[in-house]
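I'd like to ask some things about the structure below.
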Amino acid sequence: MEIAPHRQAELIYLLRHDCGSCHGMRLEGGLGPALMPERLSDWNSEQLALTILYGRPGTPMPPWRPFLTDKEAYWLAARLKAGLQP
Amino acid sequence: MKLLRYLLLSASALVPLQPVAAECLTRGTGDMGIVIERAAGSLKVVDTSNHSELFRVTGLGDLSHASAVYSRDGRYAFVFGRDGGLTKVDILCGNIVKRLIQSGNSIGGAISQDGSLIAVSNYEPGGVKIFSSTALDLVADIPATEIKDREGKLKGSKTVGLVDAPGNRFAVSLFESGEAWVIDMKQQDAPKIIKHTGIGSLPYDALVTPDGRFYLSGLFGEDGLSLLDLWHPETPARKILQEYGRGEQKLPVYKMPHLEGWAMAGDRAFLPAVGRHEVLIVKRGEWQEEARIKVHSQPVFVMARPDGRQVWVNFAFPDNDTIQVIDTESFEIIKTLKTGKGTLHMEFTPRGEEVWISVRDSDEVQIYDTDSLELLHRLPADKPSGIFFTSRAHQTGL
């Protein structure tokens, strides 16, 4: 996945702070579920990337399509599945 | 002379009942407050008269989405952390008096009318725990209604919008199960709970009017809000503003709005719409929509200046670099401020001449004059989020 290092840093910042407003800054859960690898093991990265891009209608999970490319969403999903260093 | 010396000696012998750090302040706390530093798990104790920092207190855990209430003497802040941490901070000494992890994941809390109880609402496991405000001993553990999660496992509903109400009561909403509960703690060893079911789909936050009478839950899953009259807690909750936005497409919400800090100006309430870039104006009494004001983006906090003349609004991602000020007489936006990315929270000084605004990405708190709407001062802070002044100690619902 070639994503420029500065964009990677932006994505991680987005994840911690803006996804973090619902999923917790440490991604241990809040109004939205925890996004830790154990909890995400039922899905592959493609499926998670789709959830990120299109949201889950009827729940507070919004679509991030306007802010992320397919590649970036997939990269985030893969990072979530691998587990982020705190 | 001898007698005087004797009195002085015995008085000084009596003083150190509690170990007091040498650097504790001797002053009133009425012009003090705290600023949460969400990423560092720390907070700053501030002086609002001098725009200065007094202490930095560290070791409070995960403070993303942290909130705080104050003891009635304005000396202790009780800080509710995301990680289920409940921390009692002495703001005159700048230290932690007691800290416990009371659940896996929590969202906020309230202090009882008489100041003796601290209630915490939890996400994981859902429910409400109530502690003594002195030693933080557990007084009551109230589990939430169970619902089935995705895997079909039973788990407690998340509890949100926990507030205090007159009569040593607390009110709370249950997210998944769509309920509002009134918890009566007059008898601390035997809480009495009135449960209102079917109040609406997915209540995400709630507030109580400053007089403690009406409890309003914002609904995520449907249009409108649910209203409970705490003077008549047995009367079923009713829905208001159901007509609002009917048939219109909802916009995605990138940060949930907060109802805390009920913006009440005269007999009008100003509320953030959900999924619409609007502030709603509702007349108290009839609880009908009076007007809506188009604003910059999805509002998060809609807060009235204490005199009710202005309402200040901040916004969700990706527009969280802006604040708008609404005149409550003309309903017009009188100012749009570009405060900077990550403008997360604001707090008015007790009588409203200044407002403190936390700007996460520039690591600072900005202090504005609410009359000239000019920036007066910047105070450095590490990824600041919530700002809480001691004047909250004497306000129902805060």
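Residue numbers begin at 1 in each chain, while the letters A, B, ... track the order of the sequences. Only a predicted model underlies this, so the values are computations on that prediction, with no experimental measurement involved.
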With distance as the sole test, does Q102(B) use its side chain to make a donor-acceptor pair with the main-chain N or O of L86(B) at under 3.5 Å? no

Residues that D319(B) engages under salt bridge (charged side-chain N to carboxylate O under 4.0 Å, His left out), provided they are two or more places apart: none

Considering only heavy atoms and a distance below 4.5 Å, find which of F317(B), Y254(B), F220(B) pairs most often with chain A. Y254(B)

Quick one: of P62(A), G20(A), P66(A), who has the most non-hydrogen atom pairs under 4.5 Å with chain B? P62(A)

Can you tell me which residue among T343(B), N320(B), I323(B) is in a side-chain contact (heavy atoms from CB on, under 4.5 Å) with V359(B)? T343(B)

For K294(B), enumerate each residue passing the salt bridge (charged side-chain N to carboxylate O under 4.0 Å, His left out) test, keeping only those at least two apart in sequence or located in another chain. E278(B)

Is there any residue in residues 43-57 of chain A with a non-hydrogen atom under 4.5 Å from a non-hydrogen atom of chain B, and which ones are they? W43(A)

Without hydrogens or angle criteria, can the side chains of T159(B) and Y123(B) be said to hold a donor-acceptor pair below 3.5 Å? no

side-chain contact (heavy atoms from CB on, under 4.5 Å) involving E124(B) - partner list, sequence neighbours excluded: N105(B), K155(B)

With a 4.5 angstrom heavy-atom cut-off, could you sort out which part of K250(B) is near chain A: side chain, backbone, both or neither? neither

Part of I107(B) within contact of chain A (heavy atom distance under 4.5 Å): neither

What orientation do H65(B) and H258(B) show, parallel under 30°, tilted 30 to 60°, or perpendicular over 60°? tilted

Options G58(A), C19(A), G30(A), ranked by heavy-atom pairs under 4.5 Å with chain B, top entry: G30(A)

Can a side-chain donor-acceptor contact be found between T145(B) and E179(B) if the only test is distance below 3.5 angstrom? yes

